[in-house]
Amino acid sequence: MNEIEDKILKTLYLLENEKEKFSDEKFLKYCETVKTNIIKAFKEGNFTEDEAKTLLNRVNKLLDLSEKKIITHEYEEDTKICPKCDTKNRANANFCRKCGYDLR
Ligand SMILES: [Zn+2]
């Protein structure tokens, strides 16, 4: 295994297993960097097409997860929790969608 492969695999492993060490922004940035490096390594002949595809799929999986996480996070910030029944409502909701409690 050459140095580039080793570096890519180590970074990928880190992203997959120690996600909590990164901020969302850094995580996305590292994922993009790993993707770029995989493609570069493939073009330079360090990976076969299958190897490159497998690795890219692993990164894509991570990106999907973290994009969902970010979306959920934003959604949660933009909600009103009903004090009566704990249901999540849109931030601009006037009444709870479940119990009708006045949220204004
Ligand atoms: Zn309610």
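Model, not experiment: these values are computed from the prediction. For the single chain, residues carry numbers from 1 onward in sequence order.
With a 4.5 Å cut-off on side-chain heavy atoms, F22 and L15 count as touching. Considering only heavy atoms from C-beta on, Y101 stays 4.5 Å or farther from C85 through its side chain. Using a 4.5 Å cut-off on side-chain heavy atoms (C-beta onward), D24 and L28 make no contact. Side-chain contact between L12 and L62 is present, with at least one heavy-atom pair separated by less than 4.5 Å. Within the 4.5 Å cutoff, no side-chain heavy atoms of C31 are placed close to those of N60.
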*Starting from the C-alpha separation in whole Å, work towards a yes-or-no answer on side chain to side chain contact (heavy atoms under 4.5 Å, CB included) for I4 and K40.*
CA-CA 10 Å; I4 301 164; K40 204 174 145 213; over 6 Å; no
*Decide yes or no on salt bridge (Lys or Arg N to Asp or Glu O under 4.0 Å) for K7 and E3, but give the supporting numbers first.*
CA-CA 6 Å; K7 210 177 151 194; E3 209 179 305; over 6 Å; no
*Please report the C-alpha distance between N89 and T79 in whole Å, then the side-chain angles of each, then the deciding distance to 0.1 Å, and finally whether the side chain to side chain contact (heavy atoms under 4.5 Å, CB included) criterion is met.*
CA-CA 5 Å; N89 291 277; T79 53; over 6 Å; no
_Step-by-step side chain to side chain contact (heavy atoms under 4.5 Å, CB included) determination, V59 to L55_ = CA-CA 6 Å; V59 187; L55 291 172; 5.6 Å; no
*Between E32 and K29, is a salt bridge (Lys or Arg N to Asp or Glu O under 4.0 Å) present by the stated rule, with each step listed?*
CA-CA 5 Å; E32 288 304 331; K29 211 181 128 202; over 6 Å; no
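Applying the 6.0 Å contact sphere to OH of Y30 captures no more than 12 heavy atoms from other residues, nucleotides or ligands. Enclosure of atom NZ in K53 is not indicated, since only 12 or fewer non-hydrogen atoms of other residues, nucleotides or ligands lie within 6.0 angstrom. Counting heavy-atom neighbours within 6.0 Å of Y13 OH, excluding the residue itself, gives a total of 12 or less.
In this structure, CG on N94 lies 7.5 Å from CG on D102, to the nearest 0.5 angstrom. Between E51 atom CD and I8 atom CD1 the span is 10.5 Å, to the nearest 0.5 Å. Annotation: the span from E16 atom CD to L14 atom CG amounts to 10.0 Å, rounded to 0.5 Å. Between atom OG1 of residue T33 and atom NZ of residue K26 there is a gap of 11.5 Å, rounded to the nearest 0.5 Å. Of the inter-residue distances, the one linking N57 atom CG with D64 atom CG reads 10.5 Å to the nearest 0.5 angstrom.
When atom types are taken as modelled, the side chain of K80 and the backbone of A93 share a donor-acceptor pair closer than 3.5 angstrom.
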